[in-house]
**Q** 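Below is one structure. I have some questions about it.
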2 protein chains.
Amino acid sequence: MTDIEMRQEDHFDHRSPPSGPAGPGAPRVTLKEIAAHAGVSRSTVSLVMQESPLVAETTRTRVQASAQALGYVYNRGAAMLRSARTATVGVVVHDIANPFFGAMVAGIDDVLQAAGYVPFLANSGDSPARQERFLTRMREQHVDALLLCPAEETPPALIDTLATWQLPCIQLMRHLGETPQGDYVGADIRQGVHDAVAHLVSLGHRHITLLAGDSDHSADRERLDGYRQAMQAAGLEVESRVLRGELTRGAGLQRTLALLDEAAAPTALICHNDLVALGAILALQRRGLRPGLDCAVVGIDDIDEAALTHPALTSVATHPEAIGRAAAELALARIADPQGAPARIVLPATLEIRDTTSTSPRREQESS
Amino acid sequence: MTDIEMRQEDHFDHRSPPSGPAGPGAPRVTLKEIAAHAGVSRSTVSLVMQESPLVAETTRTRVQASAQALGYVYNRGAAMLRSARTATVGVVVHDIANPFFGAMVAGIDDVLQAAGYVPFLANSGDSPARQERFLTRMREQHVDALLLCPAEETPPALIDTLATWQLPCIQLMRHLGETPQGDYVGADIRQGVHDAVAHLVSLGHRHITLLAGDSDHSADRERLDGYRQAMQAAGLEVESRVLRGELTRGAGLQRTLALLDEAAAPTALICHNDLVALGAILALQRRGLRPGLDCAVVGIDDIDEAALTHPALTSVATHPEAIGRAAAELALARIADPQGAPARIVLPATLEIRDTTSTSPRREQESS
DNA sequence: TCCGTCATTTGGATCGATCCAAAACGTCAA
DNA sequence: TTGACGTTTTGGATCGATCCAAATGACGGA
């Protein structure tokens, strides 16, 4: 369905300048030159470049040969000026260094490349100002669609702004406003956290603390809802506890250290993401406690490292690559049909049980 | 020196459509409309957009007000068609999920943003084919310069190809060919590894294994050279040992496990990067060995996690952010003066000693 | 032979910002 | 008053690919 827009000269070779002229002041090769060389009109060459089915096979190969021979370089600027499409999709995430997003971007890349689109990646570093600059630039570049994992504190009106820009936007993992406005792809984290709590409760845990993010966006609320709901269902609401803070490994470490110093330390931790969970594990180890034995830890995302670390981390798997793929496919669909009804894709989040939730809590064991 | 190219409308607000028309079929606002609205010519408006010093202050503010009022969007395609510069720099790295590159990209972003340039980021995933696609696309986009951390197995002729493309290219961390051709920014890893070996030797280690990458690029050779040189200087050449393999945490884990099963296990490991080192630490822990006591471990890069992990990882600090900044600055200089002599910037790499090399090797202790 | 049909091909016209040479406007000294 | 000079402003011409309506060519049936 999606038309392939790869061009022949995408496959360049590494021989020195082609047969054509390519000196220091070489005039740029244009469609006109190719047309002359191949004995056709500019229009036909243009059609060949667009992989249009209108041109005859023999003409196509002849034109492609000429383009190759002259060392032609497609001029996106000129194309962009005339046509609405650019075969480019903007991707803005808030923390590219988090392996979760690395995997997600890989999934996005795969789908887009296969469809002849190219991702234009940017890292907002969770700064709304940076994010704005990138979005503006992407609009100037006429990207066909936007995949956005919004920075914290992004004003909810951003989605409306993008709508007036007529720029299709797919929100990933986080969404602005109470319910997702417009297209959204994410994981069912509420359910995942719910399952995690239920699992901990079934092991006998009662004091379960949630290490949440320090700002109030949708991804944070989902975790909180799942947590509260499950604690309530287990009749443990009064013992529930939420700690807010930064979402890095270092912050997770510090927060957990502080937590362990308190009188009523929890027997189990559910962490906003795996980075925080890995920080928590480090904190436990520094205090001479054994994760999974002295205190259970559950992460969220199930990044590769979760299964590798020692002890292996129980985590709610959010399947970043699948989310990236789904989002990219949705973007392509939205480009094809901008007026279609907004989609909200929520992939299941499954609890991967490993060593950090292997046994019942100590206190329970002692009392039994 | 470098002319600032930021435009006024970079700072948009989130109010609904500006006073101008912005319905579903809104005609795009162009310089012509702004000119009419402000009572000047297209040319003048163009000059304002370019922040040219030629226009009078009063005219400038009037034009900017009109642009704002009409909801103008700069059209990079049209600009690109006419002018040689695009205020865009391509950045291609081979593993964006590695925190080292996350930090490096942050440094690049800072410098470029400050100069009014925008990074166009791409992740080759160490695949030369992907890398080629991105480079081609960036040429089509007329990026002003390229910051390239080449994928493994990249044909060395690529640099010549880029030269014939007349595209300034700065190589980062890795370079193609024996000695860097063209501009290069990296860290003095040879010296860093040398220092690491010397440090281990001073602690009494004799069996020091290097966990290297599985392909033969410059960054790999530097490590090898530093290692060989230092081992030789210590008279330990016959005991030196190099193991090649993939450069991920998981691969580091597996390789170390295999290594520990062998008869003549080393007392110290030097790892190609921190990810491999962290994998090695996990392997030791799985075998019930204590990193730093039963076997020393040294990483390279000094990513944030190195200091946090338990036990804290000794690492050769390569200062990714500083490297990113230096490279971006060099790129700006190269854009300003394309004919300048190629620069080769090598920043010092310093050994950060932590817990994983805290004590003398066991065997030595036993024998003493 | 002529005409309709289908598959290809083709010349402008066009997109919107930039470049350039030249014009307009002051200002001031001769 | 004139002219020289410095500062601002301006009207085409232009970049190179795409769009569109119309032309061309080939073929088969009447």
Side-chain angles (χ1 to χ4, degrees), chain A residues 3 5 7-9 25-63 66-67 70-88 139-142 144, chain B residues 3 5 7-9 25-63 66-67 70-88 139-142 144:
Chain A
D3 52 332
E5 303 208 20
R7 235 154 281 86
Q8 189 65 21
E9 20 61 80
R28 253 202 282 281
V29 179
T30 73
L31 290 195
K32 201 162 87 179
E33 275 96 275
I34 299 177
H37 188 274
V40 292
S41 73
R42 283 189 344 272
S43 305
T44 305
V45 180
S46 174
L47 290 173
V48 171
M49 292 307 162
Q50 298 171 72
E51 297 270 291
S52 159
L54 289 176
V55 290
E57 191 52 39
T58 58
T59 322
R60 164 194 262 66
T61 54
R62 190 152 40 97
V63 169
S66 296
L70 297 176
Y72 173 68
V73 180
Y74 186 69
N75 186 328
R76 277 199 187 272
M80 189 188 299
L81 181 54
R82 192 77 180 96
S83 101
R85 304 268 281 276
T86 56
T88 306
R139 179 156 81 134
E140 293 176 358
Q141 293 278 9
H142 291 178
D144 294 334
Chain B
D3 53 334
E5 302 209 19
R7 237 155 280 86
Q8 189 65 22
E9 19 61 78
R28 252 202 284 280
V29 179
T30 72
L31 289 195
K32 202 163 86 177
E33 275 95 276
I34 299 177
H37 188 273
V40 292
S41 73
R42 282 187 345 272
S43 306
T44 305
V45 179
S46 174
L47 290 174
V48 171
M49 292 306 160
Q50 296 169 73
E51 298 270 292
S52 160
L54 289 177
V55 290
E57 192 49 41
T58 60
T59 322
R60 163 192 262 73
T61 55
R62 190 152 40 98
V63 168
S66 296
L70 297 176
Y72 173 69
V73 180
Y74 187 68
N75 187 329
R76 290 220 113 68
M80 188 189 299
L81 181 55
R82 194 78 180 91
S83 100
R85 304 269 277 275
T86 57
T88 306
R139 179 155 81 134
E140 294 174 0
Q141 294 277 10
H142 290 176
D144 294 334

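These numbers come from a predicted model, not from an experiment. Below, chain A is the first sequence line, B the second, and so on; all start at residue 1.
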**Q** Take atom NE2 of B:His142 and atom P of C:dT18, then tell me their distance rounded to the nearest Å.
**A**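 Answer to the nearest Å: 15 Å.
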**Q** Can you measure A:Gln50 atom CD to D:dA17 atom C1' for me and round it to whole angstrom units?
**A** 8 Å
**Q** OP1 or OP2 of D:dT18 less than 4.0 angstrom from a side-chain nitrogen or oxygen of A:Ser46, does that happen here?
**A** yes
**Q** Rounded to the Å, how far apart are B:Leu54 CG and C:dA22 P?
**A** 17 Å
**Q** Under 4.0 Å, counting only non-hydrogen atoms across every strand here, what does A:Val40 touch: a base, just sugar-phosphate, or nothing?
**A** sugar-phosphate
**Q** If you define the side chain from C-beta out and look only at heavy atoms, does anything of B:Val40 sit under 4.5 Å from B:Arg62?
**A**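 Yes, their side chains come closer than 4.5 Å.
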**Q** Can you work out whether A:Ser43 or B:Val45 has the more 5'-proximal nearest nucleotide on DNA chain C?
**A** A:Ser43
**Q** Give the rounded distance in Å between these two atoms: CG of A:Leu47 and P of C:dT9.
**A** 9 Å
**Q** So, does A:Thr59 get its side chain near the phosphate of C:dT9, meaning an N or O under 4.0 Å from OP1 or OP2?
**A** yes
**Q** On the nucleotide D:dT18, are OP1 or OP2 found under 4.0 Å from the side-chain N or O atoms that A:Ser83 carries?
**A**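 A:Ser83 to D:dT18 OP1/OP2: no side-chain N or O under 4.0 Å.
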**Q** Could a donor-acceptor pair under 3.5 angstrom be found where the side chain of B:Arg42 meets the base of C:dT18?
**A**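 Flag set: donor-acceptor pair detected.
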**Q** Which pair of heavy atoms, one from A:Arg85 and one from A:Asp144, lies closest together, and at what distance?
**A**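 Nearest heavy atoms, A:Arg85 then A:Asp144: CA-OD1, 3.4 Å.
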**Q** From the set C:dG11, D:dA13, D:dT9, return the single nucleotide nearest to any side-chain atom of B:Thr44.
**A**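 Of C:dG11, D:dA13, D:dT9, D:dT9 is nearest to the side chain of B:Thr44.
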**Q** What is the separation between atom CE on B:Met80 and atom C1' on D:dT14, rounded to the nearest whole Å?
**A**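 After rounding, the gap between these two atoms is 17 Å.
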**Q** If we count only N and O atoms by modelled type, under 3.5 Å, do the side chains of B:Ser46 and B:Gln50 hold a donor and an acceptor together?
**A**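 Distance-only check passes for B:Ser46 and B:Gln50.
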**Q** Check the side chains of A:Ser41 and A:Thr44 for a donor-acceptor pair under 3.5 angstrom, ignoring hydrogens and angles.
**A** yes
**Q** Using the side-chain heavy atoms of A:Arg28, tell me which of these nucleotides is nearest: D:dG16, C:dA17, D:dC19.
**A** D:dG16
**Q** When you get a sec, tell me which of C:dG12, D:dT18, D:dT8 is the closest nucleotide to the side chain of A:Leu31?
**A** D:dT18
**Q** From CZ of A:Arg82 over to P of C:dA13, roughly how many Å is that when rounded to an integer?
**A**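 Distance, rounded to whole Å: 13 Å.
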**Q** Of all the heavy-atom pairs spanning A:Gln141 and B:Met80, show the shortest one and how long it is.
**A**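 Reported closest heavy-atom pair: OE1-CE, 4.5 Å.
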**Q** Let me know the distance between CZ of B:Arg76 and P of C:dA17, rounded to the nearest Å.
**A** 12 Å
**Q** Nearest whole Å is fine: how far is C:dG16 C1' from A:Asn75 CG?
**A** 14 Å
**Q** Of all the nucleotides listed (C:dT10, D:dT9, D:dA17), which has the minimum atom distance to the side chain of A:Ser41?
**A** C:dT10
**Q** Choose from D:dG16, C:dT14, D:dT9 the nucleotide whose nearest atom is closest to any side-chain atom of A:Leu81.
**A** D:dG16
